[in-house]
There are 2 protein chains.
Amino acid sequence: MLDERKRRILRAIIDDYIDTAEPIGSRTIARKHELGLSSATIRNEMADLEEMGYLAQPHTSAGRVPSDKGYRLYVDHLMKVNELSLEDIEGIKRAMEVKINELSQLIRQASVIMSRITKYTSMATTPQLKKSTFKAVQVVPIETGKALVIVVTNAGLVRNTLVKVPERITPDFLIQISNVLNDKLKGLTLNQVNSTIIGEIELEISVSTEVLIPILHGIAECISQVDSVDVFLDGTTNILNYPEFRDVVKAREFLSFLDERELISKLLQSEEHKQDEIEIKIGSENHLEGIKDCSLVTATYSVGDVIIGSIGVIGPTRMEYPRVISSMNHIRKIINQELKKILGDNTE
Amino acid sequence: MLDERKRRILRAIIDDYIDTAEPIGSRTIARKHELGLSSATIRNEMADLEEMGYLAQPHTSAGRVPSDKGYRLYVDHLMKVNELSLEDIEGIKRAMEVKINELSQLIRQASVIMSRITKYTSMATTPQLKKSTFKAVQVVPIETGKALVIVVTNAGLVRNTLVKVPERITPDFLIQISNVLNDKLKGLTLNQVNSTIIGEIELEISVSTEVLIPILHGIAECISQVDSVDVFLDGTTNILNYPEFRDVVKAREFLSFLDERELISKLLQSEEHKQDEIEIKIGSENHLEGIKDCSLVTATYSVGDVIIGSIGVIGPTRMEYPRVISSMNHIRKIINQELKKILGDNTE
DNA sequence: TGTTAGCACTCTATACGATTGAGTGCTAAT
DNA sequence: ATTAGCACTCAATCGTATAGAGTGCTAACA
């Protein structure tokens, strides 16, 4: 498709452009890279590359700029992904050493690190509750007429809601209810809670629906809590350091996008994402208007072989892909490693 | 100190400046406001006001701009705070009607509303745990070797941590521990947990420290959780709509400031804040460098007569103070009202 | 036939000067 | 005390000239 020389030249251009954010001219390439070619030859090749759609020209007398298609080729075949520097690895290790024993905190911390070492914006989601199963359900009496419903999922996520219960219910009875609920629900996926099960529970503790209803509501609330999927964002202002966002209009567009957690969480839960693979979406490959000039690098983390969440880095299409990718690879490993520690070896 | 006419003129200038963000000239004032004065007279008065420090001039041939001192006078004595429009009141009411039964959600929602109706950035904090007392402490067995420690404070805040416990501990025994803990700690303030109390607890359940330690750690973790004070931010990008932040450097300064949750939480927990009063800090009155061109309007909410958290709006010094203040007043009332509902009437 | 030197051409960015217009301060008249 | 009038100031705007980076094309070369 593209002969070796063209590929070399394209890579040189993109490498340079990632570095400088300035359109790259033929002379620059001839001088900086040892290709043994004159600027005129390179000029011809660049014209070809443009015709093929890998490069674009802001205006006739400017240098060339990579197109999304160009970046795609670069990412798939041209770039050299080097190992993370020892320094960075050390830094990550140190940052993750902070004793973490809850999932959300682990992910939050990972997100912080990613934004710090990449200098872009990072985003992460905790598991979708709906895909999880109940590990424990507890009803804890707080004071007369009030109880706390707690749901713990197999992915280690904890959610709780305060509910009101009829005043005449004694704490002891609540605990009894709690035990039955726990027995009945444990192991089920969250959306398996249906009327059959509820019937069984009612039967078992022979309690009027009146009592059970607020509690079940609490559970439902835990499950469908608006932000049941936490979205963490870090380094949101990093983007303002890049020249392509010097324009306030661009900057606002980007930042407004980040404000919509729903969108982000959708973005991160891309359907086609394969386990253990890093996914890269370049510019217009993101079908969302607000980030058509951004690239997104995402990875997932899993329990067993079920993907339960993901972490991503978003920045200008002119992104240091090699760096981001190697960092992402590293952090993904660490997350999965720590995840095992948190959940213990006895994860079903 | 300032005669009536000067005050009238100053108010007119500030009103106009808040509206337009453009330096105000003498002719504008003479034309738009019915003061029965010529531009020349106003010009003289403006020169006086500038000398007194209420106004400033960007350059010799420009109009006048209010100084921080000018805004201060305006806020304290000149502006007219009108009632919130029925429309707005209706809007707020509708937005808060969403069934809310946990404190954090209430505050979060209030913050969202404030940013929406003021068009500035809003910030809010949930109660400081340290000032609170224990309402309930529970240890819930999750699976062998693991338990969830839950702390509920009198202010309705719930925190939890997963802890490891020796595997030989049975769930029943954990529950027993839980009960003792609950009895012993209930009503204490969070930093009253000391070795005496721990001794008592050990005595009562005659358990080796080995078991108790992870649990107490869990409680400590709940108490000192890094972000035990949640900080909610909304409308962070609103600021980009105002001309004073058209410059990316300014915008970044502001947004970077917002990234530091610690600073914000300190900012909101201003020492001198009186209950039931709205506090206004104008420009350089905020001693923090990053927001010296911003004004901050804050209110607190309380349980009984203890301030447990606050909510604030931050925007350019050229802020629509009257609107912000009346909105703030309204939302504060609603928060305190809802707070009572959540905590029930039996709040000690 | 592929490569390169050379050159005319294009187009942006920058600098510079002139012009405009809003606004001021001062003076003199009311 | 107020105001009309006027000279003056200064940022913003516009047009023009200029410099410089980069291109495409042609013709010569290996």
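Residue numbering restarts at 1 for every chain, and letters A, B, ... go by the order of the sequence lines. Keep in mind that the numbers below use all heavy atoms, side chains included, and drop hydrogens, waters and symmetry copies.
The distance from atom CD of B:Gln57 to atom C1' of C:dG23 is 8 Å, rounded to the nearest whole Å. Here the C1' atom of nucleotide C:dA22 and the CZ atom of B:Arg43 are 11 Å apart, to the nearest Å. Summarising the geometry, the separation between CD1 on B:Ile29 and P on C:dA22 is reported as 16 Å, rounded to the nearest angstrom. B:Ile13 has its CD1 atom 12 Å from the P atom of C:dG23, to the nearest Å. Following rounding to the nearest Å, A:Arg5 (CZ) and C:dG2 (P) show an atom-to-atom distance of 10 Å.
Nucleotides of DNA chain D lying under 4.0 Å from heavy atoms of chain B occupy a range whose first and last members, 5' to 3', are D:dT2 to D:dA11.
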Atom pairs under 3.5 Å, N or O on each side, protein against nucleotides 11-13 of chain C: can you list them with distances?
| unit_1 | atom_1 | unit_2 | atom_2 | d |
| --- | --- | --- | --- | --- |
| C:dC11 | OP1 | A:Thr60 | OG1 | 3.4 |
| C:dC11 | O4' | A:Ser61 | OG | 3.1 |
| C:dC11 | O2 | A:Ser61 | OG | 3.1 |

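Smallest separation of non-hydrogen atoms from B:Leu55 and B:Pro66: CD2-CA, 3.9 Å.
A:Ala62 comes within contact range of the sugar-phosphate backbone alone, with a heavy-atom separation under 4.0 Å but no base atom that close. Across all strands shown, B:Ser39 has no heavy atoms under 4.0 Å from either base or sugar-phosphate atoms.
Residues B:Glu244 and B:Thr317 are not in side-chain contact: their nearest non-hydrogen atoms beyond the backbone lie 4.5 Å or more apart.
Between B:Asp19 and B:Arg318, no side-chain nitrogen of the basic residue sits less than 4.0 Å from a carboxylate oxygen of the acidic one, so the salt-bridge criterion is not met. Between A:Glu285 and A:Arg72 there is a salt bridge, since at least one side-chain N of the basic residue sits less than 4.0 Å from a carboxylate O of the acidic one.
Ranked by how close their nearest DNA chain D nucleotide is to the 5' end, A:Arg64 and B:Pro58 are led by B:Pro58.
In this structure, B:Lys250 fails the cation-pi test against B:Phe245, since its NZ or CZ atom is not both closer than 6.0 Å to the six-membered ring centre and inside 45 degrees of the ring normal.
The salt bridge (charged side-chain N to carboxylate O under 4.0 Å, His left out) with A:Lys6 is formed by just one residue from the set A:Glu51, A:Glu45, A:Glu50; it is A:Glu45.
Between the SG atom in A:Cys294 and the CZ atom in A:Phe254 there is a gap of 5.0 Å [rounded to 0.5 Å].
For A:Lys69, the NZ atom is densely surrounded, since the number of other residues' heavy atoms within 6.0 Å is greater than 12.
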Could you check A:Asp234 against A:Arg116 for salt bridge (charged side-chain N to carboxylate O under 4.0 Å, His left out), going step by step and ending with a plain yes or no? CA-CA 8 Å; A:Asp234 290 279; A:Arg116 218 183 298 152; over 6 Å; no
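OP1 and OP2 of C:dT3 both lie 4.0 Å or more from every side-chain N or O belonging to A:Thr41.
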